[in-house]
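Report on one structure; see the data block that follows.
Computed over heavy atoms, backbone and side chain alike; hydrogens, waters and symmetry mates excluded. Source: prediction; values computed, not measured. First the proteins, then the strands, lettered A, B, ... as listed; each starts at 1.
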There are 2 protein chains.
Amino acid sequence: MTTAANDALVLDTAAQDLLFREARTANTFTDEPVTDEQIQAIYELVKYAPTAFNQQPLRVVLVRTPEGRERLVQHMADGNKAKTSAAPLVAILAADNEFHHELPTQLPSFPQAKDMFFSERPARESSALFNGALQAGYFIVGVRAAGLAAGPMTGYNAEGINKEFFGDGEHSVLAVVNIGKPGENAWYPRSPRLAYDEVVTTV
Amino acid sequence: MTTAANDALVLDTAAQDLLFREARTANTFTDEPVTDEQIQAIYELVKYAPTAFNQQPLRVVLVRTPEGRERLVQHMADGNKAKTSAAPLVAILAADNEFHHELPTQLPSFPQAKDMFFSERPARESSALFNGALQAGYFIVGVRAAGLAAGPMTGYNAEGINKEFFGDGEHSVLAVVNIGKPGENAWYPRSPRLAYDEVVTTV
């Protein structure tokens, strides 16, 4: 699929296509493995994108063993089980609700933020959810930057995944992402997008 | 600042630098205006990034008038007032909690999703928050793709902004983003990032 390039942008057209215009949510994948080196390359790039107070609450669990895959798939919605079983790699994205332990080292210019803003769990949870979701967005862009397709899903039993993989009660699953090279019939037809005037207003 | 390029990625090095490695949260800006054409170019690119059920809950209010700027700045935290007053353009990013009205046209393959999953406001709110935050992440990347610096902020009275700009009770502010070309002393020193092994685990 080719559409017009966007000349008002500085980002080159090939990068625009790779990250946004031609990238699609894949539903099937080839057997080609996704390596730890690729995931690390993605992380080392997208880690620089901003979060509030530099809190970086995103945590990633790579599901590599057959046992791990079984533990995950049982909690997926029926419509997501087959593709979650078949993808070369599956990543569980979660928010660390106890991110404040790292704040003094991660925000050396303002270490008192930990106690000023994040002494209560509800404040941490809502901040970790928002900033973890921001970082999930960056991560999806990063998967595409590695020439891979992402298949993000939110259809699962969240409580089940949290208990299964985060028994400490400190983490909340945000999304599960299939990762790999797109396979046969990987794409559904692209759905429409809201028009600019439906999304952007001016005051 | 130059650091090593990331060879395991397909995205070219210049694009890696533009979007992530050399991009920074700006705290001062030049007077150069940010045009509607630039914002539309950003939107027309990042609109393609995925959301659950293609729900696209992000809404953007561009604050262009002096009156609008005053109405916004009064609700910002003291430490954010000066830069929010001075930025060439400020965008309020919000989640539309009533996004389900658009679902039948935006997800033509599964129009019944509207009633199956989103008939209750709490379900819509949590979905709009997560997916709106994902889209806020894409939007920040898009601002950088336009060669502009973003200064995202969450330090404000959210209830005040919601009442001031979204009197319908249907929208929830997600972030306020200063946008422009970086000015003098625009950057604080870059804070550290968590190491790969602190973020990514394998099962």
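Checked for salt-bridge contact, A:Arg193 and B:Glu44 miss the test: no charged N lies under 4.0 Å from a carboxylate O. With salt bridges taken as basic N to acidic carboxylate O contacts below 4.0 Å, one links A:Arg121 and A:Glu125. Residues A:Glu159 and A:Lys163 are paired through a salt bridge, judged by an N-O separation under 4.0 Å between the basic side chain and the carboxylate.
Highest contact tally toward chain B, considering only A:Asp36, A:Val63, A:Thr25, is held by A:Val63 [criterion: heavy-atom pairs under 4.5 Å]. Of the listed residues (B:Leu72, B:Leu107, B:Asn54, B:Thr65), the greatest number of heavy-atom pairs within a distance under 4.5 Å of chain A belongs to B:Asn54. Between chain A and the options B:Pro192, B:Gly68, B:Gly147, the largest number of non-hydrogen pairs under 4.5 Å is found for B:Pro192. If you tally non-hydrogen atom pairs under 4.5 Å between each of A:Leu174, A:Leu194, A:Val200, A:Thr154 and chain B, the highest count goes to A:Leu194. In terms of heavy-atom pairs under 4.5 angstrom with chain B, the leader among A:Arg69, A:Arg64, A:Gln106, A:Gln135 is A:Gln106. Interface check for chain B: of the options A:Gln56, A:Glu67, A:Arg144, the most heavy-atom pairs under 4.5 Å are formed by A:Gln56. The residue among A:Pro50, A:Ala195, A:Ala14 with the most heavy atom pairs within less than 4.5 Å of chain B is A:Pro50. With chain A as partner, the option from B:Ala49, B:Ala23, B:Gly142 having the largest number of non-hydrogen pairs under 4.5 angstrom is B:Ala49.
Using a 4.5 Å heavy-atom threshold, the side chains of A:Asn27 and A:Trp187 count as separate. Side-chain atoms of A:Phe139 and A:Tyr43, non-hydrogen and from C-beta on, never get closer than 4.5 Å to each other.
A side-chain donor-acceptor contact under 3.5 Å links B:Glu164 and B:Gln74.
Residue contact with chain A, scored on non-hydrogen atoms closer than 4.5 Å, involves the backbone and the side chain of B:Ile39 alike. Heavy atoms closer than 4.5 Å to chain B are found in the side chain of A:Leu19, but not in its backbone. Of the atoms belonging to B:Thr105, it is backbone heavy atoms, and not side-chain ones, that fall under 4.5 Å from chain A. With a threshold of 4.5 angstrom between heavy atoms, B:Thr201 approaches chain A through its backbone and through its side chain. Residue B:Leu58 touches chain A through its backbone alone, counting heavy-atom pairs closer than 4.5 Å. Interface residue B:Val141: only side-chain heavy atoms are found under 4.5 Å from chain A. Proximity to chain A (any heavy atom under 4.5 Å) is restricted, for B:Pro152, to the side chain, taken from C-beta onward.
The backbone N or O of B:Val173 sits less than 3.5 Å from a side-chain atom of B:Asn162, completing a donor-acceptor pair.
A cation-pi contact links B:Arg71 to B:Phe165, judged by a cut-off of 6.0 Å to the six-membered ring centre and 45° from its axis.
Ring-plane geometry between B:Tyr138 and A:Phe20 is classed as perpendicular, the angle between the planes exceeding 60 degrees on a 0 to 90 degree scale with a lower cut at 30.
In this structure, B:His171 has its ring center under 6.0 Å from that of B:Phe166.
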